[in-house]
Amino acid sequence: MVKGVRQRPKNTMNDLDSKEWVKSTKSWFIINPRPRSDVQLEHPAKFPEELVKHFLRFFTKEGSWVLDPFAGIGSTLIACKESSRNSVGIELNPEFVDIGRRFLSTYPGKGEHHFLDGNSMRIRELLENEFKHEVPTFDFLITSPPYWDMLRKSRGGNDSIQKDRKERGLRQFYSNLEYDLGNIDNYYRYIETLSSIICSLKPFLRDGAYLSIIVQNMRDTNGEMRPIAWDVAKQLSNQYQLQQEMIWCQDNKKLGCWGYPTTYVSNVHHHYCLIFRNSV
Ligand SMILES: C[S@@+](CC[C@H](N)C(=O)[O-])C[C@H]1O[C@@H](n2cnc3c(N)ncnc32)[C@H](O)[C@@H]1O
């Protein structure tokens, strides 16, 4: 080192320069999902690849390993492939895994990508079977679990989306499978199960790895608020350090006229992306 010249600390987080870094730290952002293709419409609630890329840019570097325990039709894996990250996705419904694997193979990109068919409650077994006891250490976890039983209950905007899907002959919920988190009948059991799955992943995450859990607070059919984001944040704080929430806003969704003219019913056009850190 030249005497008197201060060396910049090495960027150990990501491949961004300082300007890009600062921009990425704003606590809210707008991403409007593009209209979905016919294949993508097979899944009732996929998130956009752009959303995953937004987080990959900040929380990972090229070659990092990324885990998604509720992989759906594989948006995380596609975003990783296109961004030269490695990925593992786990999905309970074999039909989604099948669609996701086929879809993933049509995308150009780099890295290793493993789409595993199974229940995230048995993640150790799934990872060890796939990697024969050489399971990678993950640098980042990003996922969006079922928002409890939201897809199964009619309410406001969700109701009209579900009606529309029904009319078009599209699937309205994830599955009838026993271990589907969207089929748990009791809210508190849902929070407990989801939290215990995310906590069980701790041994596979590197020290200092970040997690982004994407959820939404919801109103039950009887009007009771179910603050999924806040309940999950509290539960997971036993194992991981809660850093902050980032708010993903959508501003191209239609506004519904719910509750008018007597009651406040919100048009919910944002999601909470809860950011945790696996303690260093
Ligand atoms: C919100 S969706 C994820 C969508 C995904 N991010 C995408 O873009 O395709 C939640 C997924 O979790 C899956 N799931 C529910 N319970 C599960 C479990 N116990 N293990 C693994 N996957 C599960 C559902 O089948 C559903 O596809």
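Indexing begins at 1, ligand by ligand and atom by atom, following the structure's order.
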Trainee: Which one of Asn119, Asp117, Asp68, Val52 has a non-hydrogen atom at the shortest distance from atom 18 (C) of ligand 1?
Mentor: Asn119
Trainee: Closer than 4.0 Å to some heavy atom of Gly118 - which atoms of ligand 1 meet that?
Mentor: 20 (N), 21 (C)
Trainee: Please list the nearest protein heavy atom to atom 22 (N) of ligand 1 with its residue and the distance rounded to 0.1 Å.
Mentor: Leu92 N, 3.2 Å
Trainee: Closest by any non-hydrogen atom to atom 24 (C) of ligand 1: pick that one out of Met121, Glu91, Gln40.
Mentor: Glu91
Trainee: Which of the atoms of ligand 1 are close to Ala45, meaning less than 4.0 Å from one of its heavy atoms?
Mentor: 1 (C), 2 (S), 4 (C)
Trainee: Show the numbers, then the answer: is there a side-chain hydrogen bond (donor to acceptor under 3.5 Å, both in side chains) between Asn32 and Asp251?
Mentor: CA-CA 7 Å; Asn32 291 319; Asp251 71 353; 2.8 Å; yes
Trainee: So which heavy atom in the protein is nearest atom 14 (N) of ligand 1, and how far is it from that ligand atom?
Mentor: Phe70 CD2, 3.8 Å
Trainee: Would Gln250 and His269 satisfy side-chain hydrogen bond (donor to acceptor under 3.5 Å, both in side chains), going step by step from the backbone distance to the final call?
Mentor: CA-CA 5 Å; Gln250 286 175 258; His269 292 185; over 6 Å; no
Trainee: Pull out every atom of ligand 1 sitting under 4.0 Å from any heavy atom of Lys46, numbered as shown with elements.
Mentor: 7 (C), 8 (O), 9 (O)
Trainee: Considering only NZ, NE, NH1 and NH2 on the basic side and carboxylate oxygens on the acidic side, decide whether Glu82 and Lys110 come within less than 4.0 Å.
Mentor: no
Trainee: Between Phe59 and Tyr210, what is the ring plane arrangement, given parallel below 30°, perpendicular above 60°, and tilted in between?
Mentor: tilted
Trainee: Can you name the atoms of ligand 1, numbered from 1 with element, that are less than 4.0 Å from a heavy atom of Pro146?
Mentor: 10 (C), 12 (O), 15 (C)
Trainee: Which of the numbered atoms in ligand 1 are below 4.0 angstrom from a heavy atom of Ser75?
Mentor: 7 (C), 8 (O), 9 (O)
Trainee: Taking atom types as modelled and ignoring hydrogens, do the side chains of Thr60 and Asp139 form a donor-acceptor contact shorter than 3.5 angstrom?
Mentor: no
Trainee: Ser144 heavy atoms, cut-off 4.0 Å: which ligand 1 atoms fall inside?
Mentor: 1 (C), 2 (S), 3 (C), 10 (C)
Trainee: Please write down residue, atom name and distance for the protein heavy atom closest to atom 20 (N) of ligand 1.
Mentor: Ser120 N, 2.9 Å
Trainee: Hey, is CZ on Arg122 packed in by over 12 heavy atoms from elsewhere, all under 6.0 Å?
Mentor: no
Trainee: Find all atoms of ligand 1 within a distance of less than 4.0 Å from any non-hydrogen atom belonging to Gly74, and give their numbers and elements.
Mentor: 9 (O)
Trainee: Should the heavy atoms of other residues, nucleotides or ligands under 6.0 Å from CD of Glu192 be counted, would the total exceed 12?
Mentor: no
Trainee: Between Lys81 (side chain only) and Tyr107 (backbone N and O only), is there a donor and an acceptor less than 3.5 Å apart?
Mentor: yes
Trainee: Against heavy atoms of Ile73, which atoms of ligand 1 measure under 4.0 Å?
Mentor: 9 (O)
Trainee: Counting heavy atoms only, name the option from Pro69, Ala71, Ser175 that's nearest to atom 5 (C) of ligand 1.
Mentor: Ala71
Trainee: Establish, yes or no, whether the cationic atom of Lys26 lies under 6.0 Å from the six-membered ring centre of Trp28 and within 45° of the ring axis.
Mentor: yes
Trainee: Might you work through the side-chain hydrogen bond (donor to acceptor under 3.5 Å, both in side chains) test for Lys253 and Asn267, ending with a clear yes or no?
Mentor: CA-CA 9 Å; Lys253 282 180 78 173; Asn267 271 282; over 6 Å; no
Trainee: Determine, considering heavy atoms only, which of Thr143, Asp180, Ile78 sits nearest to atom 15 (C) of ligand 1.
Mentor: Asp180
